[in-house]
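Notes follow once the structure below has been shown.
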Amino acid sequence: MKRLKVAIIGGGASGLMLAAALPHDFAKFDEVAIFERGDRLGKKLSATGNGQGNITNLAVREGGFSSLAGDAIRAQNTVNAYDNTVLQDFFAALGVPLLADERGRVYPAGRQASALCDALRFTVEKQGVSVYLQSQVTEIKKEKDGFLLRVATKSGEEKYFAKTVVLCAGGKAAKNFGTDGTAYALAQNLGHSVTALYPSLVQLKTDTAHIKTLKGIRVHDGMVRAYQNGKLIAKEQGDIIFTDYGISGDAVFRISAYLTDKVSKGISLELDFLPEISETEIYRILQEKEKKYPTLSKTELLFGVVNNQIGRAILRRADGDMRLAAKLTKAFPLSLTGNLGFEYAQVTKGGIPLCEADENLESRFVKGLYFAGEILDVDGACGGYNLQWAFSSSQTVAKALIEKRVGQV
């Protein structure tokens with residue numbers, strides 16, 4: 001049975017960032033190993049940001065992180081300790097300069113997410129970290145001086161003994177990348193709890209009675225507002241795409257982070273097709289067009305103002321009432337009925353509560369067990385926040401492991 005100093009469970013973003021942050025002498029003599037159930041490291045990381053690698057955001061210190069168990073402030077403090085500037089320096093040192101776009105989203109200069117993954121893989125290899133692919137950890141058992149790991153491989157079950165274990169196995173979103181939620185059981189079997197789990201950064205299902213003719217149409221830079229019991233709880237501006245099940249687009253992905261755990265609580269949405277134009281101005285335009293084109297069908301009067309199909313849908317819903325049509329252009333109501341689920345989601349909302357780990361992200365129940373990344377009950381807004389959390393949490397654990405090792409020398 002092979003013995004390890006540190007077993008990193010999961011070769012995604014947080015696992016790779018953790019392994020890359022450990023110094024070379026930490027990993028020599030096969031003391032550090034990554035166990036990855038898939039056939040390659042960083043598969044999900046290589047696809048992030050539509051393959052362009054949106055890894056952080058210039059605004060991460062201003063908020064944007066959520067926790068179902070109420071630990072958002074603590075999550076923010078962890079991010080602030082290793083923020084976007086630290087992350088940018090980290091990758092610059094690996095030979096990958098990062099640049100921000102006009103919205104504060106930060107990408108590798110070459111706009112290839114695979115470059116981030118390659119830099120981490122090359123560094124991990126250089127550090128001497130052992131990598132076990134197609135190796136799924138099925139059980140972690142606490143023993144007197146460490147942990148016994150049972151690992152399912154292509155050739156059968158293998159056993160390893162590790163002094164320290166770091167769970168970086170991801171959440172439940174995007175099953176095609178190997179994150180199907182089974183890793184939560186590893187923590188639960190060691191005494192930890194898991195909150196309810198919801199898809200986040202995902203397409204939304206809505207009532208479709210008034211949008212059946214709009215499938216495939218994109219609203220550029222529209223606004224989505226969400227209300228609960230009449231109170232505005234979130235709003236996001238960006239592209240909105242109509243689908244046969246509801247709505248998609250970057251504004252929808254961003255607002256979904258606030259809504260997927262509230263579907264059963266009666267959420268209503270409003271779409272603003274023209275955030276920069278007032279309702280009063282739209283009503284004025286409609287009145288003028290009624291006078292200028294008296295023989296034109298009322299359903300055509302929003303031509304040149306919004307997409308023609310959208311204009312017809314608004315005017316049909318308004319049933320000839322131009323004041324109502326102006327209002328609907330600014331606040332087109334839809335009821336939220338659900339989402340497309342974990343298979344289409346980018347992130348998991350929920351996980352192992354932060355309160356069950358200390359400031360170093362070490363388990364309060366089992367010494368030597370640490371957590372990093374999406375497996376914890378922290379999710380971020382769309383735009384690089386979740387990879388920032390993967391980085392900040394992995395750096396927190398790396399610092400703790402290095403300090404512990406120094407203290408043992």
Side-chain angles (χ1 to χ4, degrees), residues 43-45 47-52 54 57 64 66 68 103 105 113 170-181 196-228 232-273 275 307 309-310 313 331-351 374 379-387:
K43 191 174 181 180
K44 187 175 179 181
L45 176 61
T48 191
N50 292 320
Q52 296 185 60
N54 178 198
N57 196 291
S66 302
L68 290 178
R103 289 170 54 181
R105 298 173 298 188
K172 194 176 179 180
K175 184 179 178 180
N176 56 311
F177 293 116
T179 48
D180 59 3
L197 303 173
Y198 302 92
S200 187
L201 308 190
V202 65
Q203 304 94 326
L204 297 178
K205 292 182 179 180
T206 70
D207 63 305
T208 59
H210 299 287
I211 60 173
K212 289 180 179 178
T213 61
L214 304 183
K215 180 181 176 181
I217 292 175
R218 179 190 297 267
V219 179
H220 295 278
D221 209 30
M223 177 81 76
V224 185
R225 300 184 185 90
Y227 296 85
Q228 184 175 15
L232 179 69
I233 58 172
K235 64 179 181 178
E236 292 289 346
Q237 189 165 346
D239 287 359
I240 304 167
I241 303 171
F242 289 98
T243 68
D244 56 358
Y245 54 79
I247 51 177
S248 183
D250 65 343
V252 174
F253 274 88
R254 290 201 300 274
I255 205 166
S256 74
Y258 305 96
L259 305 180
T260 53
D261 60 319
K262 301 179 178 67
V263 173
S264 63
K265 299 177 181 178
I267 300 297
S268 60
L269 304 176
E270 286 183 353
L271 307 184
D272 184 344
F273 298 113
N307 173 281
Q309 284 289 86
I310 292 174
F332 193 89
L334 294 171
S335 296
L336 180 65
T337 61
N339 59 73
L340 286 199
F342 285 107
E343 290 196 8
Y344 292 89
Q346 296 179 16
V347 176
T348 304
K349 191 176 191 67
E374 192 178 341
D379 65 288
C382 189
Y385 289 80
N386 290 288
L387 282 174

Within a radius of less than 6.0 Å around OH of Tyr227, do more than 12 heavy atoms belonging to other residues, nucleotides or ligands occur?
yes

Close side-chain approach of Leu271 to Val219, heavy-atom, < 4.5 Å:
no

Can you confirm whether Phe242 sits close enough to Ile247 that some side-chain heavy atom of one is under 4.5 Å from a side-chain heavy atom of the other?
yes

Under the 3.5 angstrom rule, does the side chain of Asn57 hit a backbone N or O of Gly383 as a donor-acceptor pair?
yes

Counting distance only, does the side-chain N/O of Thr337 pair as donor-acceptor with the main-chain N or O of Lys205 below 3.5 Å?
yes

Gap separating the OG1 atom of Thr243 from the CD1 atom of Ile211, nearest 0.5 angstrom
6.5 Å

Least distance between heavy atoms, Thr206 atom then Gly246 atom
OG1-CA, 3.5 Å

If you compare all heavy atoms of Thr48 against all heavy atoms of Ala113, which two are closest, and at what distance to 0.1 Å?
O-CB, 3.7 Å

Grab the two heavy atoms, one from Tyr198 and one from Thr260, that are nearest each other, plus how far apart they are.
CD2-O, 3.5 Å

Donor-acceptor under 3.5 Å (Asn307 side chain, Gln309 main chain):
yes

Quick check on Asn50: does its CG atom have over 12 non-hydrogen neighbours (other residues, nucleotides or ligands) under 6.0 Å away?
no

Is it true that a side-chain atom of Ser200 and a backbone atom of Val347 form a donor plus acceptor pair closer than 3.5 Å?
no

Where Thr348 and Asp379 come nearest, the two heavy atoms and their spacing
O-CB, 3.7 Å

How are the rings of His210 and Phe332 set relative to one another: parallel (under 30°), tilted (30 to 60°) or perpendicular (over 60°)?
perpendicular

Gap separating the CD atom of Glu270 from the CG atom of Leu232, nearest 0.5 angstrom:
8.5 Å

Heavy-atom closest pair, residues Gly238 and Ala251
N-CB, 3.6 Å

For a 4.5 angstrom cut-off between non-hydrogen side-chain atoms, does Glu374 reach Lys44?
yes

Close side-chain approach of Leu259 to Ile233, heavy-atom, < 4.5 Å
yes

Here the pair of heavy atoms bringing Gly170 nearest to Thr179 is CA-CG2, 4.1 Å

Between Arg103 and Asn54, is there a side-chain heavy-atom distance shorter than 4.5 Å?
no

Heavy-atom side-chain proximity of Leu204 to Leu334 below 4.5 angstrom
no

With no hydrogens and no angle check, is any side-chain donor or acceptor of Lys175 less than 3.5 Å from a backbone partner on Phe342?
no

Heavy-atom side-chain contact between His220 and Asp239 under 4.5 Å
yes

Ile241 CD1 to Leu214 CG distance, which is reported to the nearest 0.5 Å:
13.0 Å

Just wondering, more than 12 heavy atoms not from Lys262 lying within 6.0 Å of its NZ?
yes

